[in-house]
Amino acid sequence: MIFFCGDTHGRFGHLIEVVTQHRPKAVILLGDIEATQPLEQVLGQILDKTEVWWIHGNHDTDSYDNYDNLFGSALADRNLHGRVVEINGLKVAGVGGVFRGEIWYPQQPGAEVHYSSYADYANYSEPGRIQAAARQRALHKGEMSLTKATGKLFTHRSTIFYQDWSELAQQRADILVTHEAPSCHPHGFIAIDELARAMGVKASFHGHQHDRLNYESQWEKIGFQAHGVGFCGVSDHYGGLIRVGDFDDNRMHRTVAAWFSSNPSGNT
């Protein structure tokens, strides 16, 4: 069994309890982890009980500590972003981060791609040029302190770029895990639908929205079984509820009411 854990935002006690009780083969964290220590330390109590995998969310670049505690941890190789990994007999693909308008914001078909890759942004954007020039000045002066991306360059380490999306779309998987939601969520993206269909996945799981809406009426239309996992919620790979998200009930009523007030037909 694979469990999917919604945004933790630095809270891990519930996950440790769930794993200790149920002993799943693997758990996959769906972003906005905000680990307060290196991930292998935060989850040290369960590393002998399950496999831990993860994707990052937008808040995982809120600070260097958040970022380094994931990407610099002993579990850095368990990052699923941009690749397909076989876990418990299922091929799982991952897309961490969020869409941002400055880069690519594909809520509708044909959305413009402003920068195809992180390298493009770093090399050709104004923030990238400014930082590159600053680094050159520092190197010329013999100052080696400017080694980290700062400002927008750092923030965009949690941005979804078209190149990552398109390379993943050439592969096949059974399950797609994303931080962003597919289009069946009021704040979801058609690009997640398109990626899931291109990869032939049977199911998708997402975090980010802190809710667990019922998408069943949309499954046939989008072509796969989509599932949201709420704040500190946990679901199994069939979509079954293992732990209710802390905000699930309140978020469901508030989000669905707002959606239908602006979209009475219920179309996505």
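Positions are given from 1 along the sequence.
Note: Phe161 and Trp104 fail the aromatic proximity criterion, with ring centroids not under 6.0 Å apart. Taking the six-membered ring for Trp, Phe189 and Trp165 have ring centres at least 6.0 Å apart. Aromatic rings of Phe231 and Phe247 (six-membered ring for Trp) have centroids within the 6.0 Å cut-off, being under it. A centroid separation of 6.0 Å or more is found between the aromatic rings of Tyr115 and Tyr162. Between His59 and His9, the distance separating the two ring centers is shorter than 6.0 angstrom. For His179 and His206, the gap between ring centers reaches or exceeds 6.0 Å. Ring centroid separation for the pair His81 and Trp53 does not come in under the 6.0 Å cut-off.
Within the 4.5 Å cutoff, the side chain of Val234 has no heavy atoms near those of the Phe4 side chain. Looking at heavy atoms from C-beta onward, Val177 lies out of side-chain contact with Trp54 at the 4.5 angstrom threshold. In this structure, His237 and Ile175 have side chains that are in contact, with non-hydrogen atoms separated by less than 4.5 Å. For the pair His56/Ile33, no side-chain contact is recorded, criterion being any heavy-atom separation below 4.5 Å from C-beta on. Counting heavy atoms from C-beta on, the side chains of Ile103 and His114 never come closer than 4.5 Å. Using a 4.5 Å cut-off on side-chain heavy atoms (C-beta onward), Ser125 and Lys152 make no contact. Residues His22 and Met1 have side chains not in contact (no heavy-atom distance under 4.5 Å, counting atoms from C-beta outward).
Put simply, the side chain of Ser158 never gets that close to the backbone of Asp60: no donor and acceptor are under 3.5 Å apart. When atom types are taken as modelled, the side chain of Gln218 and the backbone of Cys184 share no donor-acceptor pair closer than 3.5 angstrom. With Asp32 contributing its side chain and His208 its backbone, the two residues share no donor-acceptor pair below 3.5 Å. Using modelled atom types, no side-chain atom of Arg172 and backbone atom of Val201 make a donor-acceptor pair closer than 3.5 Å. Judged by distance alone, with hydrogens and angles left aside, the side-chain atoms of Asn69 form no donor-acceptor pair with the main-chain N or O of Leu39 at under 3.5 Å. Panel note: side chain Arg11, backbone Asp7; no donor-acceptor pair is recorded below 3.5 Å. Judged by distance alone, with hydrogens and angles left aside, the side-chain atoms of Arg243 form no donor-acceptor pair with the main-chain N or O of His14 at under 3.5 Å.
Pairs of residues two or more places apart, or lying in two chains, that qualify as salt bridge (charged side-chain N to carboxylate O under 4.0 Å, His left out) and include a residue from residues 63-73 are Asp68-Lys148.
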Quiz prompt | Verdict with supporting geometry, Lys25 and Thr50, side chain to side chain contact (heavy atoms under 4.5 Å, CB included) | solution = CA-CA 5 Å; Lys25 174 65 176 177; Thr50 191; 5.7 Å; no
Practice problem: Check the pair Glu51 / Val27 against side chain to side chain contact (heavy atoms under 4.5 Å, CB included), numbers first and verdict last. | Solution: CA-CA 6 Å; Glu51 296 178 10; Val27 294; over 6 Å; no
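In summary, Arg212 and Asp248 do not engage in a salt bridge, as defined by a charged side-chain N under 4.0 Å from a carboxylate O.
Applying the 6.0 Å contact sphere to CD of Gln45 captures no more than 12 heavy atoms from other residues, nucleotides or ligands. For Lys49, the NZ atom sits in a packed shell: over 12 heavy atoms of surrounding residues, nucleotides or ligands are nearer than 6.0 Å.
Between His185 and His187, the angle of the ring planes lies from 30° to 60°, which puts this pair in the tilted group. Relative ring orientation between Phe154 and Tyr64 is described as tilted, the plane-to-plane angle lying within the 30° to 60° band.
Side-chain atoms of Glu102 and Tyr121 form a donor-acceptor pair, as typed in the model, at a separation below 3.5 Å.
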